[in-house]
Amino acid sequence: MFASPHRKPDDQTEDRQDAVATGRAGHNGVLFAMCLSLVLVVASVSALNLALPDLAIDLSATNGSLTWIADGYTVALAALVLPLGAIGDRIGRRYVLIAGTIVFGIASLAASFADSTTTLIIWRVVMGLGATMIMPGTLSTITAAFPPEQRAKGVATWSGFAAAGAIIGMLAAGTLLEWFSWRSIFIAGAVVALVAAVTALLLSPNTKDEHHSPPDASGAVCTALGIGTLVFAIIEGNEQGWTEPVVFAALVVMMLAFTAYAWLGLRHEHPLLDPALFGIRGFRAGAITVLVQFMAVFGFFFVGLQYLQLILGYSPLKAAAALVPVAVVVLPTSQATPHLVRRVGMKVTMTVGLLLLSAGLFVISRLDVGSGYLPFLGGLVLAGFGIGLSGAVGTSAITGSLGRGQQGVASAMNDTTREVGSAVGIAFMGSIYGSHYRSTLPDSLDQLPAEAAEAARDSAAAGLHVADQLGAQGAALADGVKSAFINGLSASLIAVSIIVLAAAIGCLFRAPKTLPTSE
């Protein structure tokens, strides 16, 4: 991971790693172990979204607290994935991955006992630390262990499970919530972490970068600080106001951190992630595509699941099942993408994928309180095709832009863009939703007792809970809360669909026509 983009790979060393991997479990065994660990990490981003209405009531969580509960995990994952991935490259990816599953499992079990939002956020951050140790090794192990002729298929499968893992997590969480409380989600996460650790121990090779370089401590600090302060500023800017000193200070620190990262990285002999890599067109296009795709997908999960539960009245399991069409579309589309790229090229595939994703989100943004599920499904299917195309080709563009000896760098960049996109997407869409929700609540809210009115302002779930307790008098409040929720949902989806559309236009004019290959 500490490699320059100009370093030549040691193909003989990599070939020996291929033989070791095949001897232990075969390529299918390696792929299964890595995809199981991947699903554990990705599912934990999405699964808790189903429990947000329960958390809002059980822990008296505000919209801002709910955003932090969801984003504490992804912020830690995004901020630390580069330095922790680098450690795996140096000492062995399997060792670090297994250690990560242990940290993840302990933190997940501890989170099940949380009795306040602050405690839950802390344990979510520790879970993110464990996920940071797991995530980088999944893709880089596949790309290091698979020969060139099979690598595209392995990457496509990984990409499909990276998207479908979110749905798998929500289905599991929805099933648990039918009979148990939100705490069961964390207990199940601890159990799956144990299974993933044993599977990796038995099936995965211990690949690593044979070219040791001194660690880039300044790069690690700058990237972690920049990502963390960016997400903090987005969430707190909408909660407290963008002119608040703490928000302004966070924005300044973020800009300084990223500037320092670029300046120091260009001067460091072995940077954590060489800024010069962004000069490679395929690498840059792939990074932007993956970033905006995950920004849109996980931001949508954060608000979209609440639509199914609060507006349509779905149970957690039914809400999760309502999103299954995404996985049904994404997995085969991801598998077909390498063939499509060979026929029409990378630029066309990438652009069409992003356009479909943007169109799907825009369709869902047009929903109202009485729309029902079918219009939601139409937008969902469009977005699913877009996710399958853009995710697979974006990841392949990143990994294909670098040589075999630099797949740790490629994997780290792919993981970083995914997790930064997820963290920023949840913060961005959650903040826009929250501010529009509060600003469009009915004025009649002031006529309620102060405690009830404050609860309704804190979250839509709490507002509907208050309305239920008011009996017949609560019908007007319920209508106002639902209308305000739809306003927030629509505003957040329109904003992110515009960003995805802008990325599609950028890819159309700037992405290379063909997919790079790292032979």
Side-chain angles (χ1 to χ4, degrees), residues 5-6 139 143 148 151-156 158-160 162-163 258 262 273-297 329-330 333-362 382-404 406-407 409-422 424-425 496-519:
H6 306 295
L139 180 60
T143 56
R151 193 176 306 142
K153 181 180 178 181
V155 169
W158 184 95
S159 180
F258 282 130
L273 181 65
D274 195 337
L277 292 173
F278 292 97
I280 303 173
R281 290 177 64 196
F283 185 91
R284 183 173 64 245
I288 293 173
T289 297
V290 172
L291 176 75
V292 299
Q293 180 213 326
F294 270 69
M295 178 181 177
V297 169
V329 171
V330 166
T333 304
S334 297
Q335 289 292 310
T337 297
H339 305 288
L340 185 62
V341 169
R342 285 194 291 268
R343 290 180 64 88
V344 301
M346 184 181 82
K347 175 187 289 191
V348 173
T349 306
M350 189 177 286
T351 302
V352 170
L354 291 173
L355 287 174
L356 287 172
L357 176 56
S358 177
L361 295 173
F362 184 77
L382 271 177
F385 281 112
I387 293 166
L389 291 174
S390 59
V393 73
T395 297
S396 294
I398 293 172
T399 59
S401 295
L402 303 179
R404 293 190 70 189
Q406 296 174 272
Q407 287 307 300
V409 178
S411 176
M413 186 61 199
N414 185 71
D415 294 341
T416 301
T417 51
R418 285 173 182 267
E419 302 315 323
V420 170
S422 300
V424 172
V496 79
S497 68
I498 291 172
I499 292 174
V500 177
L501 176 61
I505 295 171
C507 286
L508 179 62
F509 288 102
R510 300 297 299 169
K513 292 182 180 180
T514 58
L515 190 69
T517 56
S518 56
E519 296 297 332

Between atom CG of Leu139 and atom OG1 of Thr395, what is the distance when rounded to the nearest 0.5 Å?
7.0 Å

So how far is it from Gln293 CD to Ser390 OG, rounded to the nearest 0.5 Å?
4.0 Å

What one should report as the nearest heavy-atom pair of Phe294 and Ser422 is CD2-OG, 3.5 Å

Who pairs with Thr333 by side chain to side chain contact (heavy atoms under 4.5 Å, CB included), at least two apart in sequence or on another chain?
Val329, Thr337, Phe385, Leu389

Could you pull out all donor-acceptor pairs under 3.5 Å where a side-chain atom in residues 276-290 meets a protein atom, sequence neighbours excluded?
from	atom 1	to	atom 2	distance (Å)
Arg281	NE	Arg510	O	3.0
Arg281	NH2	Arg510	O	2.9
Arg281	NH2	Ala511	O	3.3
Arg284	NH1	Phe278	O	2.7
Thr289	OG1	Ala285	O	2.8

Nearest heavy-atom pair of Val330 and Gly384: which atoms, and what distance?
CG2-O, 3.4 Å

Side-chain touch Val344/Val352, heavy atoms, less than 4.5 angstrom:
no

How close do Ala397 and Met346 get, heavy atom to heavy atom, and via which atoms?
CB-SD, 3.6 Å

Between Gly360 and Leu382, the two heavy atoms sitting closest are CA-CB, 3.8 Å

My understanding is that only residues two or more places apart in sequence, or in another chain, count here; which of them pass side chain to side chain contact (heavy atoms under 4.5 Å, CB included) with Ile505?
Leu501, Phe509

Hey, does Met295 have a side-chain heavy atom less than 4.5 Å from the side chain of Leu291?
no

Test side chain to side chain contact (heavy atoms under 4.5 Å, CB included), reference Val496, set Leu357, Val297, Leu361, output is Leu361

Sequence neighbours excluded, every pair satisfying side-chain hydrogen bond (donor to acceptor under 3.5 Å, both in side chains) that has a member inside residues 342-360
His339-Arg342

